[in-house]
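Before any comments, here is the structure.
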Amino acid sequence: MSEQKVIEIEVLRYLPESDQAPRSEVYKVPFTDDMSVLQGAQYIKDHFDGSLTFRWSCRMAICGSCGMMINGIPKLSCETFIRDYYPNRITIEALANFPIEKDLVVDLSGFIEKLEAIQPYIIPKEPRTVEQGEYIQTPAQFAEYIQFTSCINCTLCYAACPQVGLNPEFIGPAAIALAHRYNMDSRDGGQAQRMELLASEDGVYNCSAVGYCSEVCPKHVDPGNAVNINKINAAKDYFLRFLSPKGGAK
Amino acid sequence: MDGWWKKNPFYVEYMVHEATALFVAAYAIVLLVGLVRLGQGLEAWTGWLEAMKSPLSIVFHLALLVAIAYHALTWFKLFPLTMPPIVVNGKRVEPNVVVSTGWTAAIIASLALLGIVWRIAA
Amino acid sequence: MKTRKRSNAPVFWGLFGAGGMLAALFGPMLVFITGVAVPLGLILPAGAMDYPKMLAFSQNFIGKGFIFAVISLFMWHAAHRIFHSLHEIGIHAGFGCKLLTYGVALVGTVVSAVVLLGIGF
């Protein structure tokens, strides 16, 4: 049997009851090749310090709750493996650009407000009664938005976006990608309502096309593309509102 | 957020391609000065042309050339991010095809420009 | 719900995009022609940018339009990027930054328009 390998994991700790500011602590964690960084954190919690706090649930990159900065890069800790860092030290920190609540747990309330604000549900073009039957959609219409339904709200893209860091009011990549998902849905008629938000000062033009959001997205949603497509849409709305009888967003 | 862009090579590249704007601005100012000199007549224009021949100017323009070529390179490289997907015959055009089409367009446009200038000059 | 103001960015973003596209398509070759090839007498026929030729070019509708588009749009493109970069490196001096970037682009646009109109048709 080979010798037990041990990796150093440096954790950004913050206990609001006792800490004035976040601080680092290093733990020596024995690991096996099949262990994720999340399991490393769980090992620390089980063996060294039960107060270490972090979010996790599914352990298979679908719940979107275990995102953290791993050596400065936003990643899902459940699908990031310790072996890929060994023998170097791993540093884990709370996701960037969010207020820290405790240790690796960030305050997502601002993100939730943004998600709600884009009205992430179908606003029917013409409401149908049960008697009228279901909304029909062709595979081609489905293909228009399917990519943007894959978002798991892990917020890695917010941690990757310097513009979110510079302006916390910016609606941000995931929420705009979700707005785009509904705007592109043939059953939806809420484009004008969402445009008010997308075309606003907190909207798409905060983006400067860094593109790192799409790079870190674990589900290949490409939120950066959704944001940039909506710059074009918002520009059309801006210039054509004088021509359209209904007018654009206010 | 201080120094955020130094923390990741991805951000560093972003800042470098954003910084090409300084060179684009410098070149626009060179041309603007040239245009003003042209408006002032033969002597002023000839003076500007002579100034463009100084070794310092040549070196400066070589730097502009590199920076603005990098702008062109990255401008099209970002197309899969910044442009809506292009669908041909019901299939989405691959991102790398979009990028190389952009680069090809830039090469064709440049050669066309050179050709036109040649014809006018000859 | 919070009320939000509509952004006027489409104007500046549009100019940025147009200038960026123009610079990407023609920028490197323009620099090569005006800054390297003509001064050093490379490739192009001698006297390619001599006064009578440039005067005629700038009096031609297409030539005038091209000169105006290149100078003004390059400036708006650069202004927009530099304005954002200033914000990104922590300089948020609102009006001052706008004056330094968009203000310069506006002056450049007006000057080139005035000169081009003055050159006549």
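To find a chain, count down the sequence lines: A is the first, B the second, and so on, and within it residues start at 1.
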Interchain contact, C:Leu73 with chain B, by part (heavy-atom threshold 4.5 Å): neither

Within-4.5 Å side-chain heavy-atom neighbours: C:His84 and C:Phe12: no

Residues of residues 54-62 of chain B with any heavy atom under 4.5 Å of a heavy atom in chain C: B:Ile58, B:His61, B:Leu62

Geometric class of the C:Phe57/C:Phe66 ring pair [parallel <30°, tilted 30-60°, perpendicular >60°]: perpendicular

Region of B:Leu73 in contact with chain C, defined by heavy-atom distances below 4.5 Å: neither

Contact winner vs chain B - C:Val36, C:Ile89, C:Ile71, heavy-atom pairs under 4.5 Å: C:Ile71

Which of C:Ala37, C:Ser72, C:Gly17 touches chain B most, by non-hydrogen pairs under 4.5 Å: C:Gly17

Engaged part of B:Trp103 at the chain C interface, taking heavy atoms whose separation is under 4.5 Å: neither

Region of B:Leu49 that comes under 4.5 Å of a non-hydrogen atom in chain C: side chain

Chain B interface, residue from C:Gly47, C:Gly41, C:Ser112 that has the most non-hydrogen pairs under 4.5 Å: C:Ser112

B:Arg37 side chain near B:Gln40 side chain, heavy-atom distance below 4.5 Å: yes

Residues in residues 75-100 of chain B that sit under 4.5 Å from chain C, counting heavy atoms only: B:Trp75, B:Phe76, B:Phe79

Ring center gap for B:Trp5 and B:Tyr14 short of 6.0 angstrom: no

Winner by heavy-atom pair count (cut-off under 4.5 Å) against chain B, out of C:Leu44, C:Ile119, C:Val111: C:Leu44

Which of C:Val114, C:Leu55, C:Val70, C:Asp50 touches chain B most, by non-hydrogen pairs under 4.5 Å: C:Asp50

